[in-house]
There are 2 protein chains.
Amino acid sequence: MKTATRADEWMTLLQREGYRQTAARRAIVEVILASQRALEPMEIFECGRKQYPGLGLVTVYRTLEKLEELGLVQRVHQPNGCNMVLRATQGHQHLLICTHCGQAVYFEGDDLHPLFERVAQGSGFDIQDHWLQLFGLCAACQKNPGEN
Amino acid sequence: MKTATRADEWMTLLQREGYRQTAARRAIVEVILASQRALEPMEIFECGRKQYPGLGLVTVYRTLEKLEELGLVQRVHQPNGCNMVLRATQGHQHLLICTHCGQAVYFEGDDLHPLFERVAQGSGFDIQDHWLQLFGLCAACQKNPGEN
DNA sequence: CTGAAATTGAAAACGTTTTTCAATTATAAC
DNA sequence: GTTATAATTGAAAAACGTTTTCAATTTCAG
Ligand SMILES: [Mn+2]
Ligand SMILES: [Mn+2]
Ligand SMILES: [Zn+2]
Ligand SMILES: [Zn+2]
């Protein structure tokens with residue numbers, strides 16, 4: 001008996017939504033799931049085409065749209081790129097990103113509500129949403145400052 | 001005796017840096033200072049050209065580079081645009097942005113250090129920087145939900 | 001006023017994303 | 001398995017925002 005991989009799960013979710021399972025989509029999904037960091041569409045295209053050489057860049061864009069729709073991936077803004085794509089996580093989480101290797105880690109447990117209260121009071125705004133992202137050096141990049 | 005406007009100050013700062021005072025630059029500076037929200041380069045171009053019709057879009061881009069260099073403006077990422085430009089503020093401040101009219105207000109007084117500590121411990125990262133931005137409805141847009 | 005250097009806008013080049021389209025493919029019904 | 005249908009594909013072209021190139025103009029120190 002085979003264990004369903006995460007890629008299998010994503011393909012099934014796509015199918016459940018009425019989309020079809022194709023080799024191109026599977027290649028894209030596997031690239032995203034294998035990466036520890038957010039990738040640009042062009043990077044996904046280049047990696048994906050190693051596994052499925054016929055892959056077209058247009059299909060990458062179209063597949064990313066659908067994966068975002070399903071909440072499986074998330075767009076990430078960084079100083080060096082604003083259209084990067086990362087597997088999403090469930091629940092309310094924020095990102096911690098290594099400025100050297102790009103590794104992206106989700107964390108939770110922020111309670112910013114006291115801050116929101118204070119800012120709402122001071123400004124008269126009704127606060128609805130927030131973006132929080134931390135940047136730093138991951139453990140590996142602290143040890144190998146010269147690498148990469 | 002004339003009061004030096006904020007635009008005068010910015011032009012002087014540019015000159016002090018070795019740049020020249022020109023009509024094109026002044027038009028751009030005045031558009032940015034008059035706006036309560038972050039603007040796209042194209043918007044700055046369109047407004048600026050009302051005051052100085054000869055203005056070129058290229059000059060907008062080149063002037064924005066210099067203003068950013070001097071720390072007078074800041075790039076703002078939003079769901080609807082990642083290269084928007086807003087007058088900067090001194091010190092460590094974050095932005096509160098109205099999702100309806102775009103009005104952008106700086107606020108300070110976040111103490112996120114306890115959070116950083118906790119995340120650093122949990123992840124092994126050395127945290128160096130953070131992005132925090134709040135979104136909501138400004139007082140005016142709460143009152144006039146249909147407007148605009 | 002003069003001259004050197006900075007600045008300008010138009011046009012072209014660029015990289016990324018979207019649209020168009022005819023051919024191919026996945027899937028459900030038979 | 002075969003067939004019919006609608007979804008999906010990649011190539012090419014178009015669209016888009018930004019950057020580079022360049023000759024003409026403008027600023028400003030001397
Ligand atoms: Mn949060
Ligand atoms: Mn962005
Ligand atoms: Zn790292
Ligand atoms: Zn508003």
Side-chain angles (χ1 to χ4, degrees), chain A residues 7-8 10-32 38-70 73 75-85, chain B residues 7-8 10-32 38-70 73 75-85:
Chain A
D8 291 329
W10 284 26
M11 295 306 287
T12 302
L13 287 169
L14 279 168
Q15 190 162 48
R16 202 167 291 169
E17 208 65 14
Y19 300 124
R20 293 179 175 178
Q21 295 199 222
T22 68
R25 281 177 185 159
R26 173 164 278 274
I28 292 163
V29 161
E30 285 182 353
V31 168
I32 294 169
L39 300 172
E40 307 198 19
M42 183 59 79
E43 293 181 287
I44 296 172
F45 170 59
E46 282 160 0
C47 295
R49 129 190 271 203
K50 283 171 198 156
Q51 161 171 353
Y52 178 69
L55 185 62
L57 179 56
V58 203
T59 301
V60 173
Y61 281 99
R62 288 189 284 221
T63 301
L64 292 179
E65 260 177 43
K66 291 174 175 68
L67 294 176
E68 200 176 359
E69 217 177 278
L70 295 192
V73 305
R75 257 153 222 268
V76 177
H77 301 253
Q78 283 183 254
N80 54 304
C82 288
N83 291 305
M84 311 188 72
V85 175
Chain B
D8 291 330
W10 283 26
M11 294 307 287
T12 303
L13 286 168
L14 279 168
Q15 189 162 49
R16 202 168 290 168
E17 208 67 12
Y19 300 124
R20 293 178 175 179
Q21 296 198 219
T22 68
R25 280 177 186 162
R26 173 165 279 274
I28 293 164
V29 161
E30 286 182 350
V31 168
I32 294 169
L39 299 172
E40 305 197 21
M42 182 60 77
E43 294 181 287
I44 296 171
F45 170 61
E46 281 160 1
C47 295
R49 135 190 266 205
K50 283 172 199 157
Q51 160 170 356
Y52 178 69
L55 184 62
L57 179 57
V58 204
T59 300
V60 173
Y61 281 100
R62 288 188 284 223
T63 301
L64 291 179
E65 261 178 42
K66 290 174 176 67
L67 294 175
E68 199 176 1
E69 216 177 277
L70 295 191
V73 305
R75 258 154 221 265
V76 177
H77 302 251
Q78 284 182 254
N80 55 305
C82 288
N83 291 305
M84 311 190 71
V85 176

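Reminder, nothing fancy here: chain letters follow the sequence lines and each chain counts from 1. Small disclaimer: the values here were computed from a predicted structure and weren't measured.
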Output the rounded distance in Å from [atom1] ([X]) to [atom2] ([N]).
{"X": "A:M84", "N": "C:dT16", "atom1": "CE", "atom2": "P", "value": "12 Å"}
{"X": "B:L64", "N": "D:dT18", "atom1": "CG", "atom2": "C1'", "value": "12 Å"}
{"X": "B:E17", "N": "C:dA5", "atom1": "CD", "atom2": "P", "value": "20 Å"}
{"X": "B:L14", "N": "C:dT8", "atom1": "CG", "atom2": "C1'", "value": "15 Å"}
{"X": "A:L57", "N": "C:dG15", "atom1": "CG", "atom2": "P", "value": "14 Å"}
{"X": "A:L55", "N": "D:dT9", "atom1": "CG", "atom2": "P", "value": "9 Å"}
{"X": "A:E43", "N": "C:dT16", "atom1": "CD", "atom2": "C1'", "value": "14 Å"}
{"X": "B:R26", "N": "D:dT27", "atom1": "CZ", "atom2": "P", "value": "13 Å"}

- Could you give the distance from CG (A:N83) to CZ (A:R75), rounded to the nearest 0.5 Å?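 With rounding to 0.5 Å, CG (A:N83) is 5.5 Å from CZ (A:R75).
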
Side chain of [X] - closest among [options]:
{"X": "A:R62", "options": "C:dA26, D:dT18, C:dT20", "result": "C:dT20"}
{"X": "B:R25", "options": "C:dT27, C:dT7, D:dT8", "result": "C:dT7"}
{"X": "B:Q15", "options": "C:dC21, C:dT25, D:dC28", "result": "D:dC28"}
{"X": "A:Q21", "options": "C:dT27, D:dA12, C:dT7", "result": "C:dT27"}
{"X": "B:N83", "options": "D:dT18, D:dA7, D:dT21", "result": "D:dT18"}
{"X": "A:V58", "options": "D:dC22, C:dT19, C:dA6", "result": "C:dT19"}
{"X": "B:Y19", "options": "C:dT27, C:dT7, D:dT19", "result": "C:dT7"}

Testing the basics here: between [X] and [Y], what is the closest heavy-atom pair and its distance to 0.1 Å?
{"X": "B:R25", "Y": "B:R20", "result": "NH1-O, 2.8 Å"}
{"X": "B:T22", "Y": "B:M11", "result": "O-CE, 3.7 Å"}
{"X": "A:F45", "Y": "A:L55", "result": "CE1-O, 3.2 Å"}

- Message: By the 4.0 Å heavy-atom rule, please label B:F45 as base, sugar-phosphate, or nothing.
- Response: nothing

- Message: So B:E65, base contact, sugar-phosphate only, or nothing? Heavy-atom distance under 4.0 Å.
- Response: nothing

- Query: Can a side chain N or O of A:T22 be found less than 4.0 Å away from OP1 or OP2 on D:dT9?
  - Reply: yes

- Judged by modelled atom types alone, do B:Y52 and B:E30 share a side-chain donor-acceptor pair under 3.5 Å?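 Per modelled atom types, B:Y52 and B:E30 side chains form no pair under 3.5 Å.
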
- Please figure out whether B:E40 or A:T63 has its closest DNA chain D nucleotide nearer the 5' end.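 Final value for this comparison: A:T63.
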
